[in-house]
Amino acid sequence: MATTAATLKPDQNFQRMSPGREAFRRLLRHRSAQVGMVILGIMVFIAIFAPVIAPYDPFQRQLDTTRREPPCIHLLGCPAERSEHIMGIDGNSRDLFSRVLYGSRLSLQIGIATISFAIIIGGLIGAVAAYAGGWIDNLLMRIMDVLMAFPGLLLAIAIVTVLGTGLNNALLAIGIVSIPRYARLVR
């Protein structure tokens, strides 16, 4: 018995998935991607809720400098009258656990800022090179090749040496070192 196209009814539940959604679905099936997303989620959670999680102010001195005490964890038998410092205190008598929690905020901001800078600038360079073609494409891609030829850390140190010290210059140096990857990818 032959069926014709008129007798076949299309499946109404079938919807074509967008390439982005399909790629995200495939990404979720990989164990390493799942582990990475969980770790990143935990870091973002800690960074956002650092003021709530941290037991002490990370900049305030906790102890008298004349008296040094080892880390105190009440669950491990430390007396209840002593203040609890899970990771101990640093040389300036500040709680290390609180400082690590607040440090995660800065680390996340630095990572997002440098990679965003590199993606935007590298994407623009790659798009201009691909669109223009010819000698402009060759020139821009040879500059990216030269940047990629140097070891990343060495190039970042050289850029910071030229620009001067400081967090903003370090962010700029790390961003500049990352630009060629994104420029070549977009091109």
Can you see which heavy atom on L172 is nearest to which on L163, and at what distance?
-> CD2-CD1, 3.6 Å

Should V44 and F49 be regarded as members of a common hydrophobic cluster, given that ILVMFWY residues are connected when their side-chain heavy atoms come within less than 4.5 Å of each other, either directly or indirectly?
-> yes

Which heavy-atom pair separates A54 from S98 by the least distance, and what is that distance?
-> CB-OG, 3.8 Å

Pairs where residues 39-57 contributes a residue and the test salt bridge (Lys or Arg N to Asp or Glu O under 4.0 Å) is met, not counting sequence neighbours = none

Throw together a table of side-chain donor-acceptor distances under 3.5 angstrom for residues 100-109, partners on residues two or more places apart or in other chains.
{"from": "S104", "atom 1": "OG", "to": "L101", "atom 2": "O", "distance (Å)": "2.5"}
{"from": "R105", "atom 1": "NE", "to": "A47", "atom 2": "O", "distance (Å)": "2.8"}
{"from": "S107", "atom 1": "OG", "to": "G103", "atom 2": "O", "distance (Å)": "3.1"}

Which atoms form the tightest heavy-atom contact between A127 and V186, and what is the distance?
-> N-CG1, 3.6 Å

I179 and F117 have their tightest heavy-atom pair at CD1-CE2, 4.0 Å

Within the side chain of S178, is there an N or O that forms a donor-acceptor pair under 3.5 Å with the backbone of I115?
-> no

Do V177 and I125 belong together in a cluster built from hydrophobic side chains that touch within less than 4.5 Å?
-> yes

Side chains of I110 and L167: closer than 4.5 Å at any heavy-atom pair?
-> yes

Rounded distance [0.5 Å steps], CD1 in I159 versus CD1 in I176 | 4.5 Å

Correct closest heavy-atom pair for R99 and F59 would be NH1-CD2, 3.9 Å

Report yes if the side chains of N169 and T165 come closer than 4.5 Å at any heavy-atom pair, otherwise no.
-> no

Under 4.5 Å between side-chain heavy atoms, hopping through other hydrophobics if needed: is there a path connecting F97 to F45?
-> yes

Show me the donor-acceptor pairs within less than 3.5 Å that the side chains of residues 133-158 make with the rest of the protein, sequence neighbours left out.
{"from": "D137", "atom 1": "OD1", "to": "R187", "atom 2": "NE", "distance (Å)": "2.6"}
{"from": "D137", "atom 1": "OD2", "to": "R187", "atom 2": "NE", "distance (Å)": "3.3"}
{"from": "D137", "atom 1": "OD2", "to": "R187", "atom 2": "NH2", "distance (Å)": "2.7"}
{"from": "R142", "atom 1": "NE", "to": "N138", "atom 2": "O", "distance (Å)": "3.3"}
{"from": "R142", "atom 1": "NH1", "to": "D145", "atom 2": "OD2", "distance (Å)": "2.9"}
{"from": "D145", "atom 1": "OD1", "to": "R184", "atom 2": "NH1", "distance (Å)": "2.8"}

Tightest non-hydrogen contact, residues S116 and I112, listed as OG-O, 2.6 Å

Same hydrophobic cluster for V38 and I53, using side-chain heavy-atom links shorter than 4.5 Å among ILVMFWY?
-> yes

Does atom CZ of R29 have more than 12 heavy-atom neighbours from other groups under 6.0 Å away?
-> yes

